[in-house]
Amino acid sequence: AALERLAAEIDRDATVVALTGAGISAPSGVPTFRGDDGVWDHFDEGQFTYGRFRSDPAGFWEDRIELQRALFGDDYEPNAGHEALAELGRDGYLDAVLTQNTDGLHGDAADALDDETPILELHGNARRVRCTDCGTRREGDPIFERAADGELPPTCDCGGIYKPDVVLFGEQLSGAVIQRARSLTAESDIFLGIGSSLVVEPAASLPREAATTGATIGIVNLESTPVDGVADAVSHVDVTDALPRLQSLLADR
Ligand code: OAD
């Protein structure tokens with residue numbers, strides 16, 4: 001009934017914002033961070049902080065190569081959950097995707113469907129690296145290969161050190177991105193929290209901010225989240241079932 005409730009409130013005039021986390025990419029084979037067999041069961045979060053990157057960039061990169069393999073080592077593509085969100089966007093029912101994921105899968109799904117709904121990657125994009133001196137962004141794979149071949153840390157032509165183009169623990173999110181995410185959240189009539197444990201700030205606060213300004217809050221997650229208590233509709237269903245179902249409820253009417 002949760003999805004029917006949400007579908008009943010969504011129309012093309014409503015501002016609908018989705019916040020996604022690792023759970024939406026789990027069915028694509030990208031592991032989640034928390035929960036059984038999560039990435040943080042196998043890796044020490046403390047090795048991937050911004051402080052470590054600054055003080056020991058070679059050691060950081062050596063460990064990051066392993067983390068990158070664990071996260072993105074297998075070929076992966078968008079699943080029915082990403083596709084349903086892209087379809088909702090293309091059909092005029094979804095106004096923005098805010099994602100904590102760095103896997104680029106929302107962009108792939110949107111490209112495949114010619115959907116132009118804005119996607120805000122709050123934690124950056126792990127397919128790229130960025131020079132910490134001159135700011136140049138580059139495709140990540142060749143740089144990761146150089147690092148794996150022993151260039152630790154890999155450096156830019158300008159001499160600066162490359163960093164994966166993601167937000168590390170202890171590092172600020174891009175001010176412009178979080179500001180835009182906050183204003184979309186404040187404008188939202190319906191705010192959907194999808195496949196995220198909703199425990200990492202500042203993303204975790206966004207659903208509560210949306211609730212404060214009167215939005216209807218929907219949660220899609222296999223498990224309970226700390227936000228379920230303030231949510232109007234909670235669906236403990238796999239994203240690959242819930243999101244196509246929501247999309248088809250809207251398409252059928
Ligand atoms: P988590 O790993 O914390 O949470 C994933 C959530 O997805 C859990 O609540 C699962 O119950 C849910 N889930 C898993 N599979 C699902 C499925 N098929 N359908 C529905 N729900 C499913 O991931 P995030 O909340 O994204 O930060 O984690 C937030 C941040 O913590 C990440 O961006 C990362 C991490 O440390 C950085 O790297 C900065």
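This structure is a prediction, so every number in the text was calculated from the model and none was measured. Whatever order the structure lists them in is the order used to number ligands and atoms, beginning at 1.
- In terms of N/O distances under 3.5 Å, ligand 1 is approached by Phe33.
- Counting heavy atoms closer than 4.0 Å to ligand 1, residue His123 contributes side-chain atoms (C-beta onward) but none from N, CA, C or O.
- With a heavy-atom cut-off of 4.0 Å, Ala22 touches ligand 1 through backbone and side chain alike.
- Under a 4.0 Å heavy-atom criterion, Val220 is not in contact with ligand 1.
- An N or O contact shorter than 3.5 Å links Arg34 to ligand 1 by distance.
- When only non-hydrogen protein atoms are considered, atom 4 (O) of ligand 1 lies nearest to Ser197 N, 3.3 Å.
- Under the 4.0 angstrom criterion for non-hydrogen atoms, Gly195 is in contact with ligand 1.
- With ligand atoms numbered from 1 in the order given, ligand 1 contributes 15 (N) to contacts under 4.0 Å with heavy atoms of Ala26.
- The shortest side-chain heavy-atom distance between Thr132 and Phe53 falls under the 4.5 Å cut-off.
- The part of Pro27 lying near ligand 1 is the side chain, judged by heavy-atom distances below 4.0 Å.
- Checked against a 3.5 angstrom limit, the closest N/O atoms of Phe169 and ligand 1 fall outside it.
- Between the choices Asp241, Leu243, Val167, Asn221, the shortest heavy-atom distance to atom 38 (O) of ligand 1 belongs to Val167.
- For the pair Leu98/Arg180, no side-chain contact is recorded, criterion being any heavy-atom separation below 4.5 Å from C-beta on.
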